[in-house]
Amino acid sequence: LTQERYPVKRLPFSAPSEADLAAFERIIPGRVVTDTEVLAASNVDWLRTVRGCSRVLLRPRTSEEVAHILRYCHERNLAVNPQGGNTGMVGGSVPVFDEIILSTALMNQVISFHSVSGTLVCQAGCILEELSQYVEARGFIMPLDLGAKGSCHIGGNVATNAGGLRFLRYGSLHGTVLGLEVVLADGTVLNCLSALRKDNTGYDLKQLFIGSEGTLGVITAVSIQCPPKPRAVNVAFLGCPGFAEVLQTFSTCKGLLGEILSAYEFMDAECMWLVRHHLHLTSPVQESPFYVLIETSGSRAEHDAEKLNDFLEQALRSGLVTDGTVATDQMKLKALWALRERISEALSWDGYVYKYDLSLPTDTLYDLVTDLRTRLGSQAKRVVGYGHLGDGNLHLNVTSEAFSRSLLDALEPYVYEWTARQRGSVSAEHGLGFKKKDALHYSKPPAALRLMQQLKALLDPKGILNPYKTLPAQA
Ligand code: FAD
Ligand code: MLT
Ligand code: ZN
């Protein structure tokens, strides 16, 4: 898959030998995996668009074991692919060739939780949903949530700087992550696992690793600030007659719901078709060109319900919204969220998916979707738009029955050039990984790119950590 769709040449790393496997067996006895079935699953990404051919996967339990492994790989010039839940969208989580897969699956222990501050310290391989359950039982929530929560690891979330469904309210991991423990390429353990809210002692090194996609170090533990669990959560799912109304509803919403607004997501009619057709979900509202999902999180149920009702009355009266439903109970709330969260799953049932994750000016965010429908015509099976509208983040997805080179050529660089003209970002939240690394220059100037390359060379001089990812190959 990989070499055919994305031409790339193997760099001169050593190939893992029998002696290397024996050395790993001494470091992590019984946790050196060469089973072909396990490897097959870890060699291919969630979207099934890139595939590597690694012959060994390592499952350390501790930071010391990770350090030992990396020290060995560095010495032997062996390339390493850090892997969490393997839910990444840009081909960063799987090897391109025979890189050793370093999995965090067994690094799944909570280290501490402070019940007053809400600071959680845990190993990198904890599954996001399990952490959510852990902190919810103690009156807190995780500051991030995403459709992949059942599989993704917190270390993977930090490594990709995942955005997701709570970004609007709780902001980026650059703000909520208080500290990190990272093992560098040569095996050095960098313990910056602070639990402090404020700490201006020198450069904030942890920020370098947030969003570095496994290219600068292996994140082994995370300290993260959890907000208190809101006492009242409401979700409204609404139908809008046009994109202008989606935008106006957002403005009205900000004005009337203010401090309790916790999510503003949108999806178009094609997305609704996909989740109904492929996943058999039922739409709770009349058919509309657009749908929005609004979540409020507050501390007083009656107060929040009153505010939400005022907003809904106004939105319906002024024709911004044509139909809607509201949920407060857990079951209905989950069912409404599923319509939005499961779009990526529905898309993967539709055929080959060309996935773009763009930051664009909110006012013109949907124009690219409309424009592409005209440009691609019958070449594409479907062109859909959805995303985190409240954060100016469009998920533009195109499907076709099977991979088509001519369709890809019609999409790229067209989509990137369009985005660059708007001074947008070619990766709002998924990262660059393997598939988007050559598009970096559409969103960053040459001086920034050079500095990134210098940082990479400083932290990983042999380039063993996640090679072929994030940064374009140097001439
Ligand atoms: P992986 O996929 O295993 O790895 C991702 C990258 O991080 C790779 O480059 C890998 O090498 C690196 N990495 C992993 N662990 C470590 C570590 N411990 N140290 C260093 N590097 C590491 N993303 C969003 O931002 N918002 C969303 O709303 C969202 N929704 C999603 C919904 C679905 C259904 C799916 C499948 C994905 C979604 N994603 C979303 C993509 C997102 O990037 C991932 O879900 C998640 O953040 C990756 O975590 P992971 O543990 O699966 O990492
Ligand atoms: C989402 O918001 O659903 C995710 O980022 C996944 C995707 O874009 O498909
Ligand atoms: Zn998203």
Side-chain angles (χ1 to χ4, degrees), residues 42 45-48 50 60 63 66 70 80-96 99 101-105 107 123-128 144-167 172-173 180-185 209-222 263 265-267 271 274-275 293 337-348 353 355-359 384-389 391 393-397 427-435 437 465-470:
S42 297
D45 69 327
W46 190 89
L47 288 165
R48 309 190 75 78
V50 288
S63 314
V66 173
L70 286 187
V80 177
N81 179 171
Q83 189 175 79
N86 195 11
T87 65
M89 291 288 183
V90 286
S93 53
V94 292
V96 178
E99 298 89 275
I101 303 173
L102 182 60
S103 163
T104 50
M107 302 183 70
Q123 283 191 297
C126 291
I127 291 174
L128 180 61
L144 79 161
D145 184 29
L146 38 141
K149 57 184 148 257
S151 318
C152 64
H153 297 184
I154 190 71
N157 297 147
V158 174
T160 54
N161 187 24
L165 310 164
R166 291 185 183 153
F167 190 100
S172 152
L173 289 170
L180 290 180
E181 181 189 64
V182 179
V183 180
L184 303 181
F209 301 95
I210 303 175
S212 66
E213 303 183 86
T215 61
L216 299 181
V218 176
I219 297 163
T220 47
V222 176
E265 298 284 322
F266 94 103
M267 57 198 266
C271 293
L274 284 165
V275 293
L293 186 152
W337 264 117
L339 292 161
R340 162 64 188 86
E341 280 184 57
R342 296 183 66 192
I343 298 169
S344 38
E345 190 185 331
L347 275 161
S348 64
V353 186
K355 195 170 269 292
Y356 300 94
D357 160 41
L358 314 165
S359 270
V384 315
Y386 59 99
H388 316 287
L389 188 112
D391 309 313
N393 183 182
L394 169 72
H395 291 313
L396 159 72
N397 286 238
S427 173
E429 59 170 11
H430 293 164
L432 297 165
F434 178 66
K435 290 194 202 171
K437 64 182 193 314
L465 281 179
N466 232 1
Y468 325 104
K469 316 276 174 68
T470 310

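Note that ligands are numbered from 1 as they come in the structure, with each ligand's atoms numbered from 1 the same way.
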- Task: Consider only side-chain N and O atoms of His153 and Gln123, and report whether a donor and an acceptor are under 3.5 Å apart.
- Result: no
- Message: What I want to know is whether Gly84 and ligand 1 share at least one N or O pair that is separated by under 3.5 angstrom.
- Response: yes
- Does at least one non-hydrogen atom of Lys469 fall below 4.0 angstrom from an atom of ligand 1? no
- Query: Does Glu341 come within less than 4.0 Å of ligand 1, judged by its heavy atoms?
  - Reply: no
- Message: For Ile219 versus Phe209, what's the shortest heavy-atom pair and its separation?
- Response: CD1-O, 4.0 Å
- Message: When you compare ligand 1 with Asp145, is there at least one nitrogen or oxygen pair between them that comes in under 3.5 angstrom?
- Response: no
- When every non-hydrogen atom of Pro95 is compared with those of Ser42, the smallest separation belongs to CD-O, 3.9 Å
- Note on the structure: A student checking ligand 1 against Gly217 at a 4.0 Å heavy-atom cut-off should list atoms 20 (C)
- Message: Judged on heavy-atom distance to atom 16 (C) of ligand 1, which of Ala428, Ala159, Ala162, Gly150 sits nearest?
- Response: Ala159
- Message: Any heavy atom of Arg340 closer to ligand 2 than 4.0 angstrom?
- Response: yes
- Note on the structure: Quick note on ligand 2: atoms under 4.0 Å from a heavy atom of His388 include exactly 2 (O)
- Query: What do you reckon, does Glu213 have a nitrogen or oxygen under 3.5 Å from a nitrogen or oxygen of ligand 1?
  - Reply: yes
- Query: With backbone taken as N, CA, C and O and side chain as the heavy atoms from C-beta onward, which portion of Glu341 lies under 4.0 Å from ligand 2: side chain, backbone, both, or neither?
  - Reply: neither
- Message: I'd like to check whether Pro82 has a polar contact with ligand 1, where a contact means an N/O of the residue lying under 3.5 Å from an N/O of the ligand.
- Response: yes
- Is it true that some N/O/S atom of His388, main chain or side chain, lies under 2.8 Å from the Zn ion (ligand 3)? yes
- Message: Students should be able to answer this: which protein heavy-atom is nearest to atom 4 (O) of ligand 1, and at what distance?
- Response: Ser93 CB, 3.4 Å
- Can you tell me the protein heavy atom closest to atom 32 (C) of ligand 1 and the distance? Ala148 N, 3.5 Å
- Between Asn86 and Asp45, does any side-chain donor sit less than 3.5 Å from a side-chain acceptor? no
- Message: Treating Glu99 as the side-chain partner and Asn466 as the backbone partner, does any N or O pair qualify as donor plus acceptor under 3.5 Å?
- Response: no
- Note on the structure: When distances are taken from atom 35 (C) of ligand 1, the protein heavy atom at minimum range is Met89 CE, 3.3 Å
- Closest protein heavy atom (residue, atom, distance) for atom 23 (N) of ligand 1: His430 CD2, 3.6 Å
- Item | Proximal heteroatom of Glu429 relative to the Zn ion (ligand 3) (N/O/S) | OE2
- Short N or O distance, Ser344 and ligand 1, threshold 3.5 Å exclusive: no
- Query: Is Arg342 touching ligand 1 with its side chain, its backbone, both, or neither, if touching means heavy atoms under 4.0 Å apart?
  - Reply: neither
- Item | Gly431 to Val90 - nearest heavy-atom pair and separation | O-CG1, 3.4 Å
- Message: Do Leu102 and Asn81 have side chains that approach each other closer than 4.5 Å (heavy atoms only, starting at C-beta)?
- Response: no
- Query: With Tyr386, which of Asn397, Asn393, Leu394 fulfils side chain to side chain contact (heavy atoms under 4.5 Å, CB included)?
  - Reply: Asn397
- Under the side-chain contact (heavy atoms from CB on, under 4.5 Å) criterion, do Met107 and Val66 qualify, and how do the steps go? CA-CA 10 Å; Met107 302 183 70; Val66 173; 3.8 Å; yes
- For Ile219, the ligand 1 atoms with a heavy-atom partner under 4.0 Å come out as 17 (C), 18 (N), 19 (N), 20 (C)
- Item | Worked verdict on Glu265 versus Arg340 for salt bridge (Lys or Arg N to Asp or Glu O under 4.0 Å) | CA-CA 8 Å; Glu265 298 284 322; Arg340 162 64 188 86; 2.9 Å; yes
- Between Thr470 and Ser212 the two heavy atoms that sit nearest each other are OG1-O, 4.2 Å
- Query: Could an N or O of ligand 1 be found under 3.5 Å from any N or O of Gly92, whether backbone or side chain?
  - Reply: yes
- Query: Is the backbone N or O of Ala428 less than 3.5 Å from a side-chain atom of Asp357, with the two atoms forming a donor-acceptor pair by type?
  - Reply: yes
- Query: Which of the listed options, Val90, Leu347, Leu146, holds the heavy atom that is closest to atom 29 (C) of ligand 1?
  - Reply: Leu146
- Any idea which atoms of ligand 1 are less than 4.0 Å away from a heavy-atom of Thr104? 18 (N)
- Item | Polar contact flag for Gly88 and ligand 1 (N/O pairs, less than 3.5 Å) | yes
- Query: Numbering the atoms of ligand 2 from 1, which are under 4.0 Å from a heavy atom of His430?
  - Reply: 4 (C), 5 (O), 6 (C), 7 (C), 8 (O)
- Between Ser103 and Gln83, do the side chains contain an N or O donor and an N or O acceptor separated by less than 3.5 Å? no
- Indicate, as side chain, backbone, both or neither, the part of Asn81 found under 4.0 angstrom from ligand 1 when only non-hydrogen atoms are considered. side chain
- Under a 4.0 Å heavy-atom limit, does Thr160 contact ligand 1 with its side chain, its backbone, both, or neither? side chain
- Do Asn157 and Leu144 come within less than 4.5 Å of each other through their side chains, counting heavy atoms only? yes
- Task: State the atoms of ligand 1, each with its element, that fall below the 4.0 Å cut-off from a heavy-atom position in His388.
- Result: 28 (O)
- So which of Gly163, Gly156, Gly85 gets nearest to atom 25 (O) of ligand 1, if we judge by its closest heavy atom? Gly163
- Close N or O approach (Ser151, ligand 1; < 3.5 Å): no
- Query: Is there an N/O/S atom in Asp357 at a distance below 2.8 Å from the Zn ion (ligand 3)?
  - Reply: no
- Task: Evaluate the ring planes of His430 and His395, with Trp represented by its six-membered ring, and classify them as parallel (under 30°), tilted (30 to 60°) or perpendicular (over 60°).
- Result: parallel
- Query: So which of Glu429, Arg166, Glu345 gets nearest to atom 24 (C) of ligand 1, if we judge by its closest heavy atom?
  - Reply: Glu429
- Message: Counting only heavy atoms closer than 4.0 Å, does ligand 1 sit against the backbone of Asn466, its side chain, both, or neither?
- Response: side chain
- Query: For atom 7 (C) of ligand 2, which protein heavy atom lies nearest, and how many Å away is it?
  - Reply: Tyr386 OH, 3.2 Å
- Query: Would you say Asn157 contacts ligand 1, with heavy atoms under 4.0 Å as the rule?
  - Reply: yes
- Specify the closest pair of heavy atoms between Val94 and Lys469, including all atoms of both residues, with the distance to one decimal. O-NZ, 2.9 Å
- Taking only non-hydrogen atoms of Gly214 and a 4.0 Å limit, the atoms of ligand 1 in range are 20 (C), 21 (N)
- Task: Have a look at Thr87, Leu173, Thr470, Asn161 and point out the one with the heavy atom closest to atom 52 (O) of ligand 1.
- Result: Thr87
- Does some side-chain heavy atom of Leu70 sit less than 4.5 Å from a side-chain heavy atom of Leu184? no
- Looking only at protein heavy atoms, which one is nearest to atom 28 (O) of ligand 1, and how far off is it? Gly164 CA, 3.3 Å
- Message: Show me which atoms of ligand 2 lie under 4.0 Å from any heavy atom of Lys355.
- Response: 7 (C), 8 (O), 9 (O)
- Decide yes or no for Val384 and Leu274: does some side-chain heavy atom of the first lie under 4.5 Å from some side-chain heavy atom of the second? yes
- For Cys152 and Leu146, work out which heavy atoms get closest and say how close. SG-CD1, 4.0 Å
